Every structure is written in C-alpha cells, then in structure tokens.
Participant: 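Below is one structure. I have some questions about it.
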Number of protein chains: 2
Amino acid sequence: MVIATSSDSQHKSCPHNPEISCGNCRLGAICLPLTLEDEEIVKLDEIVRRGRPLQKGEHMYRTGDDFTAVYAVRSGAIKAYRITGDGEEQVTGFYFPGEIIGMDGISKNKYASSAKALETSAICEIPFSRFEELSRQVPTVQRHFFQLMSQEITSDQQLITLLSKNTADERVASLLVSISARNARRNLSDSNFRLPMSRADIGNFLGLTVETVSRVMSRFSKQKLISINNKDVMLLDINRLKEIASITD
Amino acid sequence: MVIATSSDSQHKSCPHNPEISCGNCRLGAICLPLTLEDEEIVKLDEIVRRGRPLQKGEHMYRTGDDFTAVYAVRSGAIKAYRITGDGEEQVTGFYFPGEIIGMDGISKNKYASSAKALETSAICEIPFSRFEELSRQVPTVQRHFFQLMSQEITSDQQLITLLSKNTADERVASLLVSISARNARRNLSDSNFRLPMSRADIGNFLGLTVETVSRVMSRFSKQKLISINNKDVMLLDINRLKEIASITD
DNA sequence: CGGTAACTTGATGCGGATCAATTACCGTGG
DNA sequence: CCACGGTAATTGATCCGCATCAAGTTACCG
C-alpha cells in the first residue's frame with residue numbers, strides 16, 4: 001500500500017468513500033435494500049450511481065429541473081426546500097443517511113423542490129426509469145418503494161399537524177426527538193449529536209423565527225433538558241422532551 | 001322498463017349510481033384510468049369494487065385499521081384526519097370525485113389516518129394487493145400510481161408552506177381557489193359551489209379557529225370577493241382571490 | 001486578525017386565539 | 001306545517017404567543 005502524501009489518506013475509512021456497493025453499505029439495513037435478497041441487491045447495485053461527494057451548499061437538484069432520479073443519502077445531510085410565491089424559502093425536510101429524497105419529482109416529471117447539501121455529503125443516484133423497470137421485475141422492490149413514498153406522505157402529514165397545532169416548545173422538542181430517533185436507527189448516539197442545519201433552517205422548517213428557536217433552546221438548556229454548544233446538542237432528558245413533543249407513535 | 005314506485009326511481013341518473021364501470025365513468029379523464037388503453041381499463045375494472053354509498057359521517061377506514069385498499073371518490077366528499085397526541089383532530093385533506101385516498105396506509109400496512117364522508121358519497125375500493133400485481137403487468141399503471149403518490153406528497157408540501165408562512169386571509173383564499181380549480185377539472189362551475197365541510201373542518205385544515213374562518217369569509221364578502229349563504233359560495237373575483245392566495249404554480 | 005454571518009438576548013406590537021353572547025339553521029316530532 | 005331543541009355560524013371583547021425590531025455577542029473563514 002502506498003503511503004499517501006495528501007491529507008485525504010484516511011479516505012478508505014471516510015464515510016464519503018465512493019468505493020462501496022449496496023451490498024456492503026452499512027446503511028443497507030435502513031436504506032432501499034432493506035427487504036432484498038442478495039441477488040436483488042446486485043441488480044440494484046447495477047443501477048445505482050455514486051458520484052463525487054457534494055460540498056456544503058451544493059445542490060442535488062432544483063425546482064423545475066427535469067426529474068431523472070431519486071437519491072439516497074449515504075453520508076452528510078440534505079435539506080429540501082421550495083420557494084414560495086413571494087420568493088421566500090420554505091424548508092420541507094431534512095434528510096439523513098439511509099433516507100430517500102426526490103420523490104416529489106415523479107408527478108410532473110420535474111422536481112417540485114430543491115435539495116442542497118448542509119455539509120459534505122455522499123449521494124447515491126438512482127435513475128428512475130431503470131428503477132421503475134426493476135420495480136416491475138422484483139415485487140419486493142416495488143412494494144418497498146410504495147412504502148417509502150407512503151412514509152414520505154405520513155411524515156409530511158405529521159409536520160402538517162405540528163405546524164397546525166403545536167407551540168414553539170413542542171415543535172423544537174419534536175425536531176430534537178426526531179433527529180435523535182433517526183440517529184439511533186443508524187446506531188449512532190441518540191443523545192449526543194451535531195445539528196447540521198442552521199437555526200434559521202430549523203426555524204424555517206418549524207414555522208418559527210430564528211429568534212424563537214434560539215429562545216426555546218436557551219430555555220430548554222436552563223431547564224437542563226438539553227445542553228447546547230453552538231451546533232452540538234446533548235439531550236439530557238429525552239423522556240421529558242418526548243413528553244413535550246407529545247410523541248404518540 | 002318497470003315503473004318504480006319508490007322515490008329512488010331517479011336512481012339511474014343519480015351520481016351515486018353503482019351500475020357503472022371505469023370504462024363509462026365520466027371521471028375517467030381525471031381518475032386512475034387517465035392514461036390507460038381500453039383493454040387495460042377492463043383489467044382495472046375487474047379489480048375495482050363498488051359498494052353501497054356511504055352516508056354522511058360514515059367512515060371509510062380509521063387510523064390503525066389494516067390497510068387493504070386505496071379508494072377513489074366517485075361522488076360526494078371525504079375528509080381525512082388524524083388524531084393528535086392529546087386527542088385533538090387534525091384534518092389533513094379533503095377529497096373530491098376523481099381523487100384517490102388511503103395511500104398513507106401502505107408504509108406500515110395500517111392506515112395512518114381516518115377518512116369519513118362529509119356527505120353521501122360513492123366510493124370505488126381498489127384492493128391493493130391485486131392493484132400491485134396489475135401495476136407490475138402494466139407499466140403505465142405503475143407509473144400513474146407513482147405519480148399519484150408523488151402528487152399527494154407535493155400537495156402536502158404546499159399545505160406545509162401554507163401553514164408555515166401564510167396569513168389567515170391567504171389560507172382561506174387558497175382553499176377557495178383550490179376547490180374552485182378542482183371543480184373546474186370536473187367540468188363543474190369554478191365560481192359557484194357548495195362547501196361540503198363545516199367551518200370547523202375548514203379551520204382545522206387551515207390551522208385556524210372557526211371564528212377566524214368566519215371572520216375572514218365575512219370580510220371577503222364585504223369586499224365583494226365572494227358571496228356566501230351558509231355553505232353555498234360564489235366567487236365574485238377569482239383573480240383577486242388568486243392574488244391573495246399568491247398562487248404561483 | 002479583521003470582517004461577516006450566525007446566534008443570542010431584550011423590548012415592543014400585532015394577528016389570531018380564546019372567551020362570551022347572539023343569531024341562523026336543520027332535523028324531529030307533535 | 002310549525003314549534004322546538006340542538007348544532008353551526010357569526011360577531012364582539014380581550015388576551016397571549018410569537019413576530020418584529022433592535023442591539024449586542026460569538027463563531028467562522030479567508
């Protein structure tokens with residue numbers, strides 16, 4: 001093995017490593033391959049394209065771009081957003097490793113939203129026409145993709161409920177608990193993590209201003225529910241947070 | 001033809017008439033068969049089940065029921081809603097003839113929401129496992145269903161934006177314009193219709209109280225934008241309403 | 001290390017919620 | 001057909017949570 005001279009010599013263990021397949025990706029258990037047999041994963045692998053990682057701020061796609069593919073996040077974090085009639089941004093979701101994004105493009109064959117990287121992120125591109133074909137051949141793939149889209153619908157509906165009924169405290173607690181749960185799914189700490197998005201993005205997503213988000217988090221901190229150091233968060237009392245978020249399912 | 005003695009002798013021209021197939025349903029142009037060839041419509045017809053009409057207040061399904069089918073509304077109007085952690089209702093959508101409901105049940109194989117009739121409604125039940133099979137055989141069916149789910153996602157995201165950014169006036173105007181457009185799609189009047197849902201349902205859906213909905217509508221009425229007589233609405237200045245709703249797409 | 005963007009904290013104001021009281025509607029039975 | 005009771009809708013008065021405006025403070029990046 002050649003000793004690398006540049007600083008990216010640690011590349012092989014880097015989570016953005018492109019030399020990976022669905023078969024050996026440690027996200028297999030939560031990503032698209034979830035229910036697949038080995039030979040089906042091979043077929044999926046033939047379709048999936050892995051490009052260079054996106055840098056922070058780079059777009060995967062923008063509103064109005066021709067829809068060609070859905071994307072699986074392999075590392076990093078992505079935010080999806082739309083632009084309102086009067087030019088404002090509305091964040092519609094945050095996507096973490098193992099999650100699929102871009103399904104809103106199917107209906108009109110153009111993306112209805114934009115997606116950009118919140119930090120350096122590796123992405124698996126899944127060209128849709130080839131994937132559609134695979135779906136027809138492999139019932140479990142079709143079923144699983146129906147389920148993924150359905151999941152997107154139910155999570156959007158949860159957000160609708162949140163925006164319609166909940167207070168600022170409840171909204172912020174919900175987001176923290178949600179991120180915690182999604183970390184747990186990836187076998188990461190459910191109580192100690194870094195928020196990849198800005199306070200502005202959080203506020204935008206939750207239908208609150210930056211100031212309100214900041215105040216709520218400060219208050220949670222004073223109440224010893226969380227401990228914050230800029231973007232690093234520690235959940236000190238997850239159960240209480242869940243209560244505040246009034247998580248039922 | 002036998003002269004009917006009972007008052008439902010007008011049954012044959014009634015929109016709830018069960019003696020109908022996808023092939024002769026006048027909603028074909030906007031419903032599931034949209035893109036299908038004649039022989040494919042026949043296959044779809046073999047799957048679709050048409051039961052007796054639902055009376056006002058009757059449920060199609062409830063949260064937690066086993067997911068077995070998606071449903072097409074043939075006549076009437078349906079509201080979908082979930083129950084929040086603290087027992088409150090959150091209306092997530094209204095569904096009119098030609099629209100498909102129940103797709104949120106796919107992901108967990110249980111319905112995530114409940115659906116009930118706002119007035120007497122005829123429903124086409126589409127058993128999902130048989131439909132899945134048809135999707136695999138007929139690519140256009142699969143594609144069309146992907147599109148329907150995607151559409152549900154984008155319309156949920158529009159609602160998210162509405163709830164997050166818009167004022168009471170904008171929300172109410174949006175709903176009126178939306179219902180108007182959906183009526184137009186069915187070749188009904190886009191300016192003169194009856195709201196099948198209560199003010200409470202409207203408010204719940206839009207994240208407002210009954211009182212606010214009532215006030216906004218009264219104000220719109222004073223401004224000669226609409227004319228209201230209980231549930232009957234006439235849109236007097238659709239363009240202005242669209243401006244208020246700041247419809248872009 | 002300077003400049004700028006991100007974040008925090010405080011003071012004030014407003015849109016819509018809440019509380020309260022009529023008024024209009026509708027199904028039901030006399 | 002009309003009287004009546006219950007529900008839905010309207011209208012008014014008050015209140016409160018979060019937005020807005022403003023002023024620091026801290027992190028970040030070239």
Side-chain angles (χ1 to χ4, degrees), chain A residues 55-57 77 79 84 86 88-91 116 118-120 161-176 194-223 226-233 244, chain B residues 55-57 77 79 84 86 88-91 116 118-120 161-176 194-223 226-233 244:
Chain A
Q55 296 305 309
K56 175 173 175 171
K79 83 164 173 185
T84 66
D86 46 340
E88 279 182 290
E89 181 175 314
Q90 171 66 48
V91 176
K116 75 152 82 161
L118 291 166
E119 56 192 28
T120 305
T161 305
L162 194 77
L163 292 172
S164 184
K165 292 254 186 313
N166 293 13
T167 64
D169 282 17
E170 290 162 350
R171 296 182 200 197
V172 173
S174 286
L175 181 62
L176 292 174
R194 184 182 166 77
L195 297 172
M197 70 295 281
S198 68
R199 300 285 190 274
D201 284 335
I202 293 176
N204 191 311
F205 177 67
L206 296 176
L208 302 170
T209 57
V210 195
E211 294 95 323
T212 301
V213 173
S214 187
R215 273 186 255 271
V216 171
M217 293 186 100
S218 297
R219 185 146 22 87
F220 281 178
S221 182
K222 277 195 200 95
Q223 295 168 179
I226 66 177
S227 142
I228 30 173
N229 189 342
N230 199 23
K231 305 215 167 191
D232 292 311
V233 186
I244 293 172
Chain B
Q55 295 306 309
K56 175 174 175 171
K79 84 165 173 183
T84 66
D86 45 341
E88 279 182 290
E89 181 174 316
Q90 171 65 47
V91 176
K116 75 152 80 159
L118 290 166
E119 56 191 29
T120 305
T161 304
L162 194 77
L163 292 172
S164 184
K165 294 256 185 311
N166 292 15
T167 63
D169 283 16
E170 291 163 349
R171 296 182 200 196
V172 173
S174 286
L175 181 62
L176 292 174
R194 185 182 165 78
L195 297 172
M197 71 294 282
S198 68
R199 300 286 190 274
D201 285 335
I202 293 175
N204 190 313
F205 177 67
L206 296 176
L208 301 170
T209 57
V210 197
E211 293 94 325
T212 300
V213 173
S214 186
R215 274 185 254 272
V216 171
M217 294 186 99
S218 297
R219 186 146 19 86
F220 282 178
S221 182
K222 278 194 199 96
Q223 297 168 177
I226 65 177
S227 142
I228 30 174
N229 190 342
N230 199 22
K231 307 217 168 191
D232 292 310
V233 186
I244 294 172

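Sequence lines set the chain letters: A, B, ... in the order given, protein chains first and strands last, and positions in each chain run from 1. Since we're looking at a predicted model, the values are computed, not measured.
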Participant: Of the listed nucleotides (D:dC28, D:dC18, C:dG16), which one gets closest to any side-chain atom of B:A168?
Facilitator: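 Of D:dC28, D:dC18, C:dG16, C:dG16 is nearest to the side chain of B:A168.
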
Participant: For B:E119, is there an ion pair with B:K231 - N to carboxylate O distance below 4.0 angstrom?
Facilitator: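 Not counted as a salt bridge, because no side-chain N and carboxylate O are separated by less than 4.0 Å.
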
Participant: Do B:T212 side-chain atoms and B:L208 backbone N/O form a donor-acceptor pair below 3.5 Å?
Facilitator: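 No, because the side chain of B:T212 does not come within donor-acceptor range (under 3.5 Å) of the backbone of B:L208.
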
Participant: Any carboxylate oxygen within less than 4.0 angstrom of a Lys/Arg side-chain nitrogen, looking at B:K165 and A:D86?
Facilitator: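 Here B:K165 does not pair with A:D86 in a salt bridge, since their nearest N and O are not under 4.0 Å apart.
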
Participant: Taking the side chain of B:R199 as heavy atoms from C-beta outward, which of C:dG16, D:dT10, D:dT20 is closest to it?
Facilitator: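 For the B:R199 side chain, the nearest candidate turns out to be D:dT10.
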
Participant: The side chain of A:R215 is closest to which nucleotide in this list: D:dT20, D:dT10, C:dC25?
Facilitator: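 The closest nucleotide is D:dT20.
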
Participant: How is B:S214 classified with respect to the nucleic acid when contacts are heavy atoms under 4.0 Å: base, sugar-phosphate, or nothing?
Facilitator: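 Base contact.
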
Participant: Which nucleotide in the list C:dT9, D:dA19, C:dG16 gets nearest to the side chain of A:S218?
Facilitator: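 Nearest nucleotide to the side chain: C:dT9.
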
Participant: Among the nucleotides D:dT11, D:dC18, D:dA22, which one has an atom lying closest to any side-chain atom of A:E211?
Facilitator: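 Nearest to the side chain of A:E211 among the choices is D:dA22.
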
Participant: Between C:dC7, D:dC21, D:dA9, which nucleotide has the shortest distance from any of its atoms to the side chain of A:N230?
Facilitator: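 Nearest to the side-chain atoms of A:N230, counting from C-beta on, is C:dC7.
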
Participant: Scan B:T209 against the nucleic acid and name what it touches under 4.0 Å (heavy atoms): base, sugar-phosphate only, or nothing.
Facilitator: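 Answer is base: heavy atoms of B:T209 come under 4.0 Å of a base.
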
Participant: Any base atoms under 4.0 Å from B:G207, or only sugar-phosphate, or nothing? Heavy atoms, all strands.
Facilitator: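 It contacts sugar-phosphate atoms only.
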
